[in-house]
Amino acid sequence: MCGIVGFIGEQDAKEILLKGLEKLEYRGYDSAGIAVQAANGVVVFKEKGRIAKLREIVDENVAANVGIGHTRWATHGVPSQVNAHPHRSTTERFTLVHNGVIENYELLKNEYLQDVNFVSETDTEVIVQLVEKQVKIGLTVEEAFRKTLTLLHGSYALALLDADNPDMIYVAKNKSPLLVGTGDNFNVVASDAMAMLQVTDQFIELMDKEMVLVTKEKITIQNLQGETIDRAPFTAELDASDIEKGTYPHFMLKEIDEQPLVIRNIIQKYQNEDGEIELDAEIRNAILESDRVYIIACGTSYHAGLVGKQFMERFAKVPVEVHVASEFSYNMPLLTEKPFFIYISQSGETADSRAVLVQTNEMGYKALTITNVPGSTLSREANYTLPLHAGPEIAVASTKAYTAQLAVLAILAADIAKAKGLAIGFDLIKELGLVANAMEVLCNQKEEMDAIAKEYLATTRNCFFIGRSVDFYVGLEGALKLKEISYIQAEGFAGGELKHGTIALIEQGTPVIAIATQEHVNLGIRGNVKEVAARGANPCIIAMKGLEMEGDRFIVPAVHEALAPLAVIIPLQLISYYAALHRECDVDKPRNLAKSVTVE
Ligand code: M6R
């Protein structure tokens with residue numbers, strides 16, 4: 001949440017910062033701003049709304065080679081021009097951008113800043129005022145910045161400008177992601193490498209509680225005791241074209257269409273030379289030595305975890321619990337003697353999941369992160385990583401990462417099963433290949449999906465998704481997709497559960513999307529459809545070929561029943577996409593959300 005950038009060099013900083021912010025807009029888009037070191041001091045441009053609006057107010061005539069920028073997802077204070085970053089100290093000597101949450105900002109205000117007039121409602125303003133306060137009492141800027149960092153409780157990625165020293169950007173990080181990038185006679189700062197791929201692919205990771213002095217020639221990393229730390233850069237293996245929409249109207253549609261390719265890519269990456277699934281033996285052994293696997297995740301990744309539990313229990317006979325990270329951190333269940341933790345996170349930066357990982361690391365338990373971003377915080381801090389190989393996912397609504405998570409979880413379960421000498425009963429690689437083919441067929445049925453969205457969802461107030469067994473989990477994900485981008489009140493339920501309360505909400509015409517891909521519960525879910533239809537609902541049954549019955553609205557090509565979630569989610573993603581279009585919603589940047597949820 002929130003994205004920050006910084007540039008120091010010889011080129012036009014404004015354009016580099018604005019382009020960088022455009023790439024980071026997925027992290028937050030309530031407001032945006034930049035501050036640049038101009039001839040007559042630091043100049044700030046900020047505006048409520050998207051980067052496009054910020055662009056309109058940036059004065060082309062201001063020349064600057066140094067600057068910082070920010071795109072905001074509001075935590076403290078409403079989205080407004082005043083609360084937008086950068087924030088300035090009273091004398092306007094210091095200007096700061098911040099990603100994160102300062103938990104003790106009220107305390108700091110009361111203890112150190114009683115005489116200061118705050119202009120915004122943000123926690124960030126406290127930081128910039130604290131720096132100024134420390135300088136006023138005689139510290140150098142470097143000392144003042146360091147001292148301020150020691151006073152902060154919470155998460156931060158910071159970039160600070162000093163109007164009296166235009167040749168330096170002061171940077172710091174704790175819990176919020178931040179990288180510095182290096183170039184020939186310039187250096188950059190970014191929440192995500194994507195933002196600065198325009199000028200460099202060489203980045204240096206920063207660790208928590210580090211502070212960095214960035215000039216155009218030099219990057220000096222220090223810990224909070226002032227000791228210098230050497231760290232080599234890495235090459236960001238991102239293709240700039242992966243983060244462009246190309247001819248697609250939205251990233252979400254592009255990412256839905258990429259799913260067959262992603263599954264084929266995963267098959268390739270996780271096969272050995274003999275064409276057999278093979279994972280890192282250390283991961284396998286760690287799971288085999290454990291007595292229970294705990295999957296921790298949020299949102300879509302949590303839904304993937306629910307399906308993953310089925311894979312692990314059915315294929316590998318490994319008991320699994322799946323937990324929402326935000327609850328687990330303070331409401332930890334009684335753990336077994338030898339737990340093993342799996343963190344699922346597309347971004348690898350989700351603060352709720354990371355909070356649990358910090359706890360389980362402290363408890364000495366081993367952990368695996370399944371993520372789309374190797375090198376992300378969750379990947380670095382876990383013992384092992386399994387990458388999703390899905391390519392950057394930009395749309396806030398997760399699509400290809402979800403199916404990639406399912407594929408990797410199925411592969412992991414099959415690998416464990418093999419090590420235990422258990423036969424899973426089918427050739428997973430071959431069946432995943434067939435899933436990719438089915439996905440392709442589904443992605444080519446967009447007109448039909450559009451028609452369903454129009455018929456059922458163009459004007460409805462709410463919508464229910466029902467399924468039994470693993471179809472219930474897919475329904476949860478279908479409902480999340482629909483609600484987050486179309487703002488329809490959508491909920492997923494186990495088919496049999498509806499009559500225990502929710503059926504009271506069924507009115508004449510209420511859409512109920514029923515998923516039927518599992519033979520052993522096919523009759524059961526159809527019974528639930530009859531129950532809601534008898535009360536006026538407008539059912540839309542999506543069934544898998546071979547289980548179809550008269551009146552079904554859409555048939556998904558047959559794939560192996562265990563892998564059906566990977567295929568049947570495609571129509572649900574597409575229906576959500578078109579429903580959002582019919583309702584004129586911003587598909588890629590839905591209201592109130594951000595792609596990377598880096599605050600707890
Ligand atoms: O990056 P993560 O997978 O950890 O993110 C978890 C959730 O925030 C994420 O899946 C969210 O629910 C998506 N917007 C769903 O489309």
Side-chain angles (χ1 to χ4, degrees), residues 248-250 252-257 259-260 303 395 397 399 402-403 438-467 471-493 495 498 506-517 522 525-526 528-530 532-533 536-559 564-585 587 590:
Y248 280 90
H250 297 102
M252 183 179 177
L253 196 61
K254 172 175 178 261
E255 288 159 8
I256 290 173
D257 270 357
Q259 291 177 99
H303 296 154
T399 53
Y402 171 76
T403 42
M439 285 175 156
E440 227 156 47
V441 172
L442 290 162
C443 287
N444 286 330
Q445 287 174 283
K446 293 194 178 72
E447 278 179 21
E448 181 62 3
M449 299 300 125
D450 188 5
I452 293 177
K454 199 166 175 191
E455 180 183 338
Y456 290 85
L457 303 170
T459 57
T460 188
R461 191 164 55 93
N462 53 11
C463 173
F464 299 109
F465 288 72
I466 58 171
D471 287 339
F472 162 43
Y473 304 145
V474 178
L476 292 176
E477 175 56 12
L480 177 61
K481 278 303 75 91
L482 184 62
K483 76 178 100 175
E484 71 180 326
I485 59 169
S486 74
Y487 317 141
I488 294 169
Q489 163 103 45
E491 308 299 341
F493 292 98
L498 220 62
I506 300 290
E507 293 170 348
Q508 198 57 40
T510 304
V512 174
I513 298 180
I515 305 154
T517 73
N522 195 22
I525 194 65
R526 284 159 191 290
N528 299 134
V529 170
K530 289 215 161 62
V532 291
N538 186 14
C540 171
I541 304 175
I542 299 183
M544 195 160 75
K545 180 98 189 125
L547 299 180
E548 72 269 38
M549 292 188 180
E550 204 189 324
D552 288 355
R553 185 66 173 81
F554 186 76
I555 310 300
V556 173
V559 296
L566 285 101
V568 75
I569 193 62
I570 308 268
L572 302 187
Q573 293 168 345
L574 283 167
I575 289 169
S576 300
Y577 172 79
Y578 287 109
L581 287 192
H582 287 302
R583 298 169 81 103
E584 297 184 0
C585 299
V587 173

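Please read these numbers as outputs of a predicted model, since none were measured by experiment.
Between Asn462 and Thr460, some side-chain heavy-atom pair lies under the 4.5 Å cut-off. Phe554 places a side-chain heavy atom less than 4.5 Å from the side chain of Met449. For the pair Thr403/Met439, a side-chain contact is recorded, criterion being any heavy-atom separation below 4.5 Å from C-beta on. Annotation: side chain of Gln445 is in contact with side chain of Val441 (closest heavy-atom distance under 4.5 Å). Side-chain contact check for Asp257 versus Cys443: some heavy-atom pair is nearer than 4.5 Å. Residues Val474 and Leu572 have side chains in contact (heavy-atom distance under 4.5 Å, counting atoms from C-beta outward). For the pair Val512 and Ile506, the minimum side-chain heavy-atom distance is below 4.5 Å.
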Candidate pair Ile575 and Ile542, rule side-chain contact (heavy atoms from CB on, under 4.5 Å), full reasoning: CA-CA 11 Å; Ile575 289 169; Ile542 299 183; 3.9 Å; yes
Audit row: Asn522, Arg526, side-chain contact (heavy atoms from CB on, under 4.5 Å) steps and yes/no: CA-CA 6 Å; Asn522 195 22; Arg526 284 159 191 290; 2.8 Å; yes
Audit row: Ile525, Ile466, side-chain contact (heavy atoms from CB on, under 4.5 Å) steps and yes/no: CA-CA 8 Å; Ile525 194 65; Ile466 58 171; 4.0 Å; yes
Test log, rule side-chain contact (heavy atoms from CB on, under 4.5 Å), inputs Leu566 and Gln259: CA-CA 9 Å; Leu566 285 101; Gln259 291 177 99; over 6 Å; no
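The line from CD of Gln489 to CG of Leu482 is 10.5 Å long, rounded to the nearest 0.5 Å. Taking NZ of Lys481 as the reference point, atom CD1 of Ile485 lies at 8.0 Å (rounded to 0.5 Å). Phe465 CZ to Leu480 CG: the interatomic distance, rounded to the nearest 0.5 Å, is 10.0 Å.
Nearest heavy atoms, Ala514 versus Val529: CB-CG2, 3.5 Å. In this structure, Gly467 and Phe472 approach most closely via the heavy-atom pair O-CB, 3.4 Å. Heavy atoms only, all atoms of each residue included: Ala567 and Leu442 are closest at O-CD1, 3.3 Å. A pairwise comparison of heavy atoms in Met544 and Ala564 identifies SD-CB, 3.9 Å as the closest pair. Shortest non-hydrogen contact noted between Tyr473 and His303 is O-CB, 4.5 Å. When every heavy atom of Glu491 is checked against every heavy atom of Ala479, the shortest pair comes out as C-CB, 3.6 Å.
Counting only distance, with no hydrogens or angles, the side chain of Glu548 and the backbone of Gly546 share a donor-acceptor pair below 3.5 Å. In this structure a side-chain-to-backbone donor-acceptor pair under 3.5 Å is present from Arg583 to Leu457. Of the possible donor and acceptor atoms, one in the side chain of Glu255 sits under 3.5 Å from a partner among the backbone N and O of Ala395. Put simply, the side chain of Tyr456 gets close to the backbone of Pro539: a donor and an acceptor are under 3.5 Å apart.
With hydrogens and angles left out, the side-chain atoms of Gln573 and Thr399 include no donor and acceptor closer than 3.5 Å.
Relative orientation of the Phe464 and Phe493 rings is tilted, given thresholds of 30° and 60° on the angle between their planes.
Taking the charged nitrogens against the carboxylate oxygens, Lys545 and Asp552 have no contact shorter than 4.0 Å, which rules out a salt bridge. A salt bridge links Glu448 with Arg553: the distance from a Lys NZ or Arg NE/NH1/NH2 to an Asp or Glu carboxylate oxygen falls below 4.0 Å.
Residue Lys446 qualifies as enclosed at atom NZ: its count of foreign heavy atoms under 6.0 Å is above 12.
Results of the side chain to side chain contact (heavy atoms under 4.5 Å, CB included) test with Leu253 over Leu581, Leu574, Val587 single out Leu574 as the only residue that passes. Among the candidates Leu547, Val568, Thr517, the single residue satisfying the side chain to side chain contact (heavy atoms under 4.5 Å, CB included) test with Val556 is Val568.
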